[in-house]
Amino acid sequence: KQPQARHRSSRPVPTPWLGYGHDNHPQIRGATYLKTTEEIQAMPLKSGRNKLGPLSFPKGSGLRIVATGHSWMRPGFGTLPKIAQAAGIKQHLRVNSRGGEQGGARMMWEFENGILSSRQANPVCMAAITTGKWDVMMWGSYTNDRPEYYFGWIDFCLKHNPKMEFYVFNGWPQYADGFAKGDQEPRIENYRARAAAGHKITRQKIAGIDKRFPNKVHILPTNEAMLAALELYFQGKLSGIKGLNKKVDGKSPSIWSDGGHLGQGMNLLEGYVFYATLYQKSPELIQGKVMEPGVNQELDATFRRIAWQAVINNPLSDVTDKNANGIGDAIE
């Protein structure tokens with residue numbers, strides 16, 4: 001029996017979705033975004049799995065980032081501060097995350113506002129955003145995302161932080177995507193096809209967002225970085241990675257721990273993609289070491305290289321490096 005990919009379906013959502021553009025609807029009354037700054041900052045917060053810290057930070061060497069997301073983003077959230085530290089940057093990161101679809105942009109908007117799918121508001125990010133001292137917001141995407149799921153977030157952020165920039169995670173192929181009909185073993189051409197399909201979906205979503213907020217939202221190309229890692233694995237050139245799916249073959253480190261979530265060490269690749277996109281610099285330029293279980297020196301160098309290539313070769317990241325010096329053209 002062929003493996004089946006998980007996390008492919010999403011809960012039915014009516015059209016129109018009430019979370020944006022329906023301020024007077026009975027189900028939206030009392031939403032966090034309709035309150036004053038003082039009221040929002042006075043609301044009680046639940047930290048969950050996240051360490052919250054202060055609502056704001058002074059401008060420093062690193063970007064001040066608020067983020068929502070799910071379990072596929074947590075590896076990057078965990079390694080980004082370590083990578084930034086190795087680069088001599090002080091990274092401030094405030095995260096509100098939940099598992100699966102609940103961590104997607106739509107349901108996190110509902111959760112922080114206490115509307116629709118959420119009975120009680122938990123504005124972990126929104127309370128911080130009201131201080132006006134944040135530079136970036138990141139989100140986790142999910143199946144059947146719509147551009148309007150991001151509009152409320154962007155409006156709210158720009159109201160308080162007019163220069164804020166935005167980044168969306170774009171996922172990656174799952175273990176089961178390697179099997180086409182009749183295949184007994186996973187094949188790289190199937191992963192290529194799935195990655196291409198994912199990029200097409202992402203491109204359409206960003207085009208929809210750009211109609212309202214041109215050039216404000218950028219992609220974190222984890223999809224392309226993971227495909228590059230898979231290409232090397234199938235060539236026998238991904239040093240130290242012993243298997244595809246730990247749950248199937250029992251090998252570790254593997255690409256995936258369970259067919260969808262990243263295996264040991266792969267969290268560093270996601271962190272490098274985050275760093276490269278956000279700071280528009282190649283991780284290869286970082287002099288400091290980033291220690292992570294399951295990652296040897298050769299694999300670390302490979303991750304740094306393919307992360308940068310994924311970022312500069314995906315036009316949706318809006319990072320280019322025409323002179324190939326590892327520094328984004330926009331910041332030179």
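FYI, side chains are in, hydrogens and waters are out, and symmetry mates aren't considered; it's all heavy atoms of this structure. Positions are given from 1, in the same order as the sequence printed here. Predicted, not measured: the structure shown is a model, and the values here were computed from it.
In terms of modelled atom types and a separation under 3.5 Å, the side chain of Asp258 and the main chain of Lys247 share no donor-acceptor contact. Between the side chain of Asp329 and the backbone N or O of Lys322 there is at least one donor-acceptor pair closer than 3.5 Å. The closest donor-acceptor contact from the side chain of Arg106 to the backbone of Asp145 lies at 3.5 Å or more, if one exists at all. Under the 3.5 Å distance criterion, the side-chain polar atoms of Lys216 are matched with a main-chain donor or acceptor of Met164. Counting only distance, with no hydrogens or angles, the side chain of Asp177 and the backbone of Tyr191 share no donor-acceptor pair below 3.5 Å.
For Asn170, the side-chain hydrogen bond (donor to acceptor under 3.5 Å, both in side chains) partners are Thr222, Glu224, not counting sequence neighbours. When the side-chain contact (heavy atoms from CB on, under 4.5 Å) test is applied to Lys46, the partners found at least two apart in sequence or on another chain are Gln120, Asn122. By the side-chain hydrogen bond (donor to acceptor under 3.5 Å, both in side chains) test, Glu332 is found to be paired with Asn323, Asn325, residues two or more places apart in sequence or in another chain being considered. When the side-chain hydrogen bond (donor to acceptor under 3.5 Å, both in side chains) test is applied to Gln27, no partner is found at least two apart in sequence or on another chain. Every residue meeting the side-chain contact (heavy atoms from CB on, under 4.5 Å) condition with Glu231, not counting sequence neighbours, appears here in chain and number order: Ile188, Arg192, Leu227, Gln235. For Trp17, the side-chain hydrogen bond (donor to acceptor under 3.5 Å, both in side chains) criterion is met by Glu110, not counting sequence neighbours.
Cluster annotation: Val66 is not connected to Val136 through the hydrophobic network of ILVMFWY side chains, with a link wherever side-chain heavy atoms come within less than 4.5 Å. Taken together through direct or relayed side-chain contacts under 4.5 Å among Ile, Leu, Val, Met, Phe, Trp and Tyr, Ile129 and Met138 form parts of separate hydrophobic clusters. Hydrophobic clustering (side-chain heavy atoms under 4.5 Å, transitive across Ile, Leu, Val, Met, Phe, Trp, Tyr) keeps Tyr142 apart from Leu116. Phe169 and Phe111 are members of different hydrophobic clusters when ILVMFWY side chains are connected at heavy-atom separations under 4.5 Å.
Residue pairs meeting the ring-ring contact (aromatic ring centres under 6.0 Å, His included) criterion with at least one partner in residues 305-332, sequence neighbours excluded, do not occur; the list is empty. Applying the side-chain hydrogen bond (donor to acceptor under 3.5 Å, both in side chains) test to residues at least two apart or on different chains, the pairs with a partner in residues 60-70 are Arg64-Asp135. Annotation: ring-ring contact (aromatic ring centres under 6.0 Å, His included) contacts involving residues 18-67, sequence neighbours excluded, comprise Tyr20-Phe151, Tyr33-Trp109, Phe57-His92, Phe57-Trp134.
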Under 3.5 Å, sequence neighbours excluded: what are the donor-acceptor pairs made by side chains of residues 82-91?
unit_1 : atom_1 : unit_2 : atom_2 : d
Lys82  : NZ     : Glu292 : OE1    : 3.1
Gln91  : OE1    : Tyr279 : OH     : 2.7
Gln91  : NE2    : Leu63  : O      : 2.7

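Between the CE atom of Met107 and the CD atom of Gln102 there is a distance of 5.0 Å, given to the nearest 0.5 Å. In this structure, the separation between CG on Leu220 and CH2 on Trp139 is 10.5 Å, given to the nearest 0.5 Å. Here the CD1 atom belonging to Ile209 is positioned 12.5 Å from the CD atom belonging to Gln204, to the nearest 0.5 angstrom. Note that CG of Leu80 and CE of Met73 are 10.0 Å apart. Values are rounded to the nearest 0.5 Å.
Residue Gln287 qualifies as open at atom CD: its count of foreign heavy atoms under 6.0 Å is 12 or below. No more than 12 heavy atoms of other residues, nucleotides or ligands shown are found within 6.0 angstrom of CD on Glu298.
Considering only heavy atoms from C-beta on, Ser239 comes within 4.5 Å of Asn296 through its side chain. Considering only heavy atoms from C-beta on, His218 stays 4.5 Å or farther from Val319 through its side chain. Side-chain contact between Trp153 and Phe166: absent, with no pair of heavy atoms (C-beta onward) separated by less than 4.5 Å.
Residue Ile331 belongs to a hydrophobic cluster whose other members are Leu285, Ile327, with links defined by side-chain heavy atoms closer than 4.5 Å. The other residues sharing a hydrophobic cluster with Leu52 are Leu45, Val124, where clustering joins ILVMFWY side chains under 4.5 Å apart.
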